[in-house]
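Below is one structure, written out as structure tokens; the observations come after it.
Note that this is a predicted model, so its numbers are computed, not measured. Quick note: residue numbers are just sequence positions, from 1.
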Amino acid sequence: MNKSWIFYVCNRFSRIDRKGRSKATSTLATLGITLGVMTLIVIMSVMNGFQMSFIDTILEVSSYHLQADQITIEQEKDFFEIVQKDNYLSKKITGAFPFYEAQTLVTSNKGKESAAIIRAVDYQIYNIDKGFQDEVVVTRGVFNISQDNYIVLGSSLARELGVGVGEEINLFVLSGGNDVSLFSNDRKFIVTGIFTSGYAEVNSSFCFVNLDVAKKYFGEKSKRKLGIKLYNSEEDLKILSKLQNVKEFSDIKFQSWRDYNKSFYSTLKIEKNMLLLLIALIFVVVAINIFNSMRRLVYERQNEIAIFSSLGATKKQVQMIFVFRGLISGLIGGIIGLILGLIISYNSDVVFNLVAKIMFMFEYLYTLITNPSFAAYVTENSIYSLYASIPARVFYDEVIMIALFGIFCPLIACYFASKSVLKMKIVEVLHE
């Protein structure tokens, strides 16, 4: 028997069911898959945007993608020469930037103080490092550390100290070697700029000076580090392994961004996975409904199944009729949900602002009806503005996995539901 009849019968059953009592069940199943895929894509995209705003700042400003710890100036020169000659490394590494770092207690002339991390970097870093420039947004003044007494502060740190652009601060306590004075009232700097970033800890604790300041105040034993940036942060382990195998780098200790803030990254990953698991329960509910409706459909079609079997169709072929129906429902729901999810994700700011206005309208009308005197005090919920400000990040590997999960969920449910076909005794069905 030609197997093309399976698709023909499936199509006929679908047409009949769209006119009968199975219409609501079939429509709701497809709608459930659509909403499940759409919701999961949107939520994961917003969550990715929320988390990556932190991670991008950490990678571009704080930890870099890779770090070479305690590197000498000679080793640094060798590093640049070897990377330029190595075709693989030169294509993977976007740049490398030397820096020093120390802990300090900053004081202002207003009697305020705050603990901070002071980082000495190339005075031109704001111009030569595009990633740094994107994450460090100067809100007041300019990012100018060309002079030894110039410093740039994070916005929260500046607010804690009560200082603005042009005012003076002092590094009262400074960590370092034995050749560094722990306390001093002479390490004075002029604030030339105040910046903000996507990570609150950087805003509240980081300040930047130039490399000459490190030589002057951090001590001769301070560790010179090299922050290495890659085109793709996910390839850090490959690049790390490659660098560690270079003979000239045998004395250099390289570390990945995964080695820094392990607890922070683990927390974000757990949070994302738990959210994914909770939202995925939508598919479980839909699959159970499809399973029950398909079992009922198999029972309703037992006479037709018996006739197909008597004409020579195997039970596996008959079972494929119902499995194919599940595939169609999954494809329709998955594709529509995929399209809607991507549209909403790429226009999340518009959607959240629209939701804010709709919610405001309903709340205003309700207040106007129930308590008109308070209607003037009704305002839009600011939380939607916060959501709208989060740039959604769409990771296509996740989107594809979500869509495939939505497609195969009803397929699997229909497969197990239609297994009852294999248990049917055709003679008994025809006898009835």
Side-chain angles (χ1 to χ4, degrees), residues 44-69 71 76 79-80 83 89-101 116-122 124-138 143 152 154-157 195-208 223-244 252-273 389-398:
M44 293 308 295
S45 298
V46 174
M47 175 60 72
N48 288 333
F50 179 73
Q51 292 185 348
M52 290 306 295
S53 64
F54 299 141
I55 294 174
D56 286 346
T57 300
I58 292 173
L59 295 182
E60 298 292 347
V61 180
S62 178
S63 70
Y64 298 94
H65 298 128
L66 296 173
Q67 276 192 31
D69 193 23
I71 189 172
E76 185 180 305
F79 175 86
F80 285 112
V83 168
L89 292 176
S90 61
K91 290 181 179 179
K92 299 295 183 179
I93 297 176
T94 61
F97 310 95
F99 69 95
Y100 295 88
E101 192 172 270
I117 296 173
I118 183 167
R119 179 170 287 191
V121 296
D122 189 320
Q124 292 182 322
I125 192 167
Y126 200 73
N127 298 320
I128 62 178
D129 186 357
K130 183 66 167 56
F132 183 89
Q133 185 182 114
D134 290 341
E135 297 302 324
V136 176
V137 180
V138 179
F143 196 98
V152 176
S155 56
S156 299
L157 178 60
F195 72 87
T196 186
S197 68
Y199 189 31
E201 187 173 332
V202 172
N203 298 335
S204 63
S205 61
F206 267 67
C207 51
F208 295 96
K223 295 180 180 180
R224 184 182 178 92
K225 300 182 179 182
L226 190 66
I228 304 167
K229 293 189 176 181
L230 311 175
Y231 284 101
N232 184 358
S233 62
E234 297 301 322
E235 294 184 343
D236 57 307
L237 297 180
K238 294 181 181 178
I239 309 301
L240 181 65
S241 177
K242 175 75 173 177
L243 292 173
Q244 289 174 337
I252 304 176
K253 181 182 179 182
F254 291 98
Q255 287 183 296
S256 166
W257 62 270
R258 300 175 196 272
D259 297 325
Y260 298 92
N261 302 307
K262 283 185 177 180
S263 59
F264 176 77
Y265 293 122
S266 297
T267 301
L268 290 182
K269 189 173 182 179
I270 292 171
E271 182 184 52
K272 184 176 178 179
N273 290 338
S389 66
I390 299 173
R393 297 277 189 97
V394 178
F395 294 160
Y396 286 101
D397 54 343
E398 291 182 353

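For the ring pair (Phe, Tyr, Trp, His ring centres under 6.0 Å) test, residues two or more places apart in sequence or in another chain that qualify with Phe54 are Phe50, Tyr199. Partners of Asn48 under the side chain to side chain donor-acceptor pair (under 3.5 Å) rule, at least two apart in sequence or in another chain, are Lys272, Glu398. Residues passing the salt bridge (Lys or Arg N to Asp or Glu O under 4.0 Å) test with Glu76 are Arg224, sequence neighbours excluded. Every residue was checked against the salt bridge (Lys or Arg N to Asp or Glu O under 4.0 Å) condition with Asp122, not counting sequence neighbours, and none meets it. For the salt bridge (Lys or Arg N to Asp or Glu O under 4.0 Å) test, residues two or more places apart in sequence or in another chain that qualify with Lys92 are Glu235. Judged as a salt bridge (Lys or Arg N to Asp or Glu O under 4.0 Å), and not counting sequence neighbours, the contacts of Lys130 are Asp134.
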Exercise for review: Output, in order, the C-alpha distance, side-chain angles, deciding distance and verdict of side-chain contact (heavy atoms from CB on, under 4.5 Å) for Val202 and Phe195.
Suggested key: CA-CA 10 Å; Val202 172; Phe195 72 87; 3.9 Å; yes

Check your understanding: Which is it for Glu60 and Lys229 under the salt bridge (Lys or Arg N to Asp or Glu O under 4.0 Å) test, yes or no, and what are the steps along the way?
Key -> CA-CA 8 Å; Glu60 298 292 347; Lys229 293 189 176 181; 2.8 Å; yes

Practice item. Decide yes or no on side-chain contact (heavy atoms from CB on, under 4.5 Å) for Val46 and Arg393, but give the supporting numbers first. Key: CA-CA 7 Å; Val46 174; Arg393 297 277 189 97; over 6 Å; no

Practice item. Check the pair Lys223 / Tyr100 against side-chain contact (heavy atoms from CB on, under 4.5 Å), numbers first and verdict last. Key: CA-CA 6 Å; Lys223 295 180 180 180; Tyr100 295 88; 5.9 Å; no

**Study point:** Trace of the side chain to side chain donor-acceptor pair (under 3.5 Å) decision for Glu135 with Ser197
**Key:** CA-CA 6 Å; Glu135 297 302 324; Ser197 68; over 6 Å; no

Review point. Hey, mind stepping through Ile128 and Phe97 against side-chain contact (heavy atoms from CB on, under 4.5 Å) and telling me if it holds?
Key: CA-CA 10 Å; Ile128 62 178; Phe97 310 95; 4.1 Å; yes

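Rounding to the nearest 0.5 Å gives a distance of 13.0 Å between CD of Gln67 and CD1 of Ile252. Atom-to-atom distance recorded for Phe254:CZ and Ile239:CD1 is 11.5 Å, nearest 0.5 angstrom. Between Asp236 atom CG and Ser256 atom OG the span is 3.5 Å, to the nearest 0.5 Å. The CZ atom of Phe132 sits 10.5 Å away from atom CG of Asn127, with the distance rounded to the nearest 0.5 Å.
Residues Asn203 and Leu157 fail the side-chain proximity criterion, which asks for heavy atoms closer than 4.5 Å. Within the 4.5 Å cutoff, the side chain of Thr196 has no heavy atoms near those of the Val136 side chain. Contact of the Leu230 side chain with the Ile228 side chain is registered, since non-hydrogen atoms from C-beta on lie closer than 4.5 Å. Here the side chains of Glu101 and Ile117 are in contact, with some heavy-atom distance below 4.5 Å. Taking 4.5 Å as the limit, some side-chain heavy atom of Phe79 sits within range of a side-chain heavy atom of Ile93. When side chains are defined from C-beta on, Leu240 does not count as touching His65, because their heavy atoms never get closer than 4.5 Å. Counting heavy atoms from C-beta outward, Leu66 and Gln255 have side chains that stay 4.5 Å or more apart. Side-chain contact between Ser62 and Phe206: present, with at least one pair of heavy atoms (C-beta onward) separated by less than 4.5 Å.
Nearest approach of Phe80 to Ala96, heavy atoms of both residues: CZ-O, 3.5 Å. Of all the heavy atoms in Ser204 and Ser156, the pair that sits closest is CA-CB, 3.6 Å. When all heavy atoms of Trp257 and Ser233 are compared, the pair lying nearest together is NE1-O, 3.1 Å. Thr57 approaches Gly198 most closely through the heavy-atom pair OG1-N, 3.3 Å.
Under the 3.5 Å distance criterion, the side-chain polar atoms of Ser241 are left unmatched by any main-chain donor or acceptor of Lys238.
A cation-pi arrangement is absent between Arg119 and Phe208 under the rule of less than 6.0 angstrom and at most 45 degrees off the ring axis.
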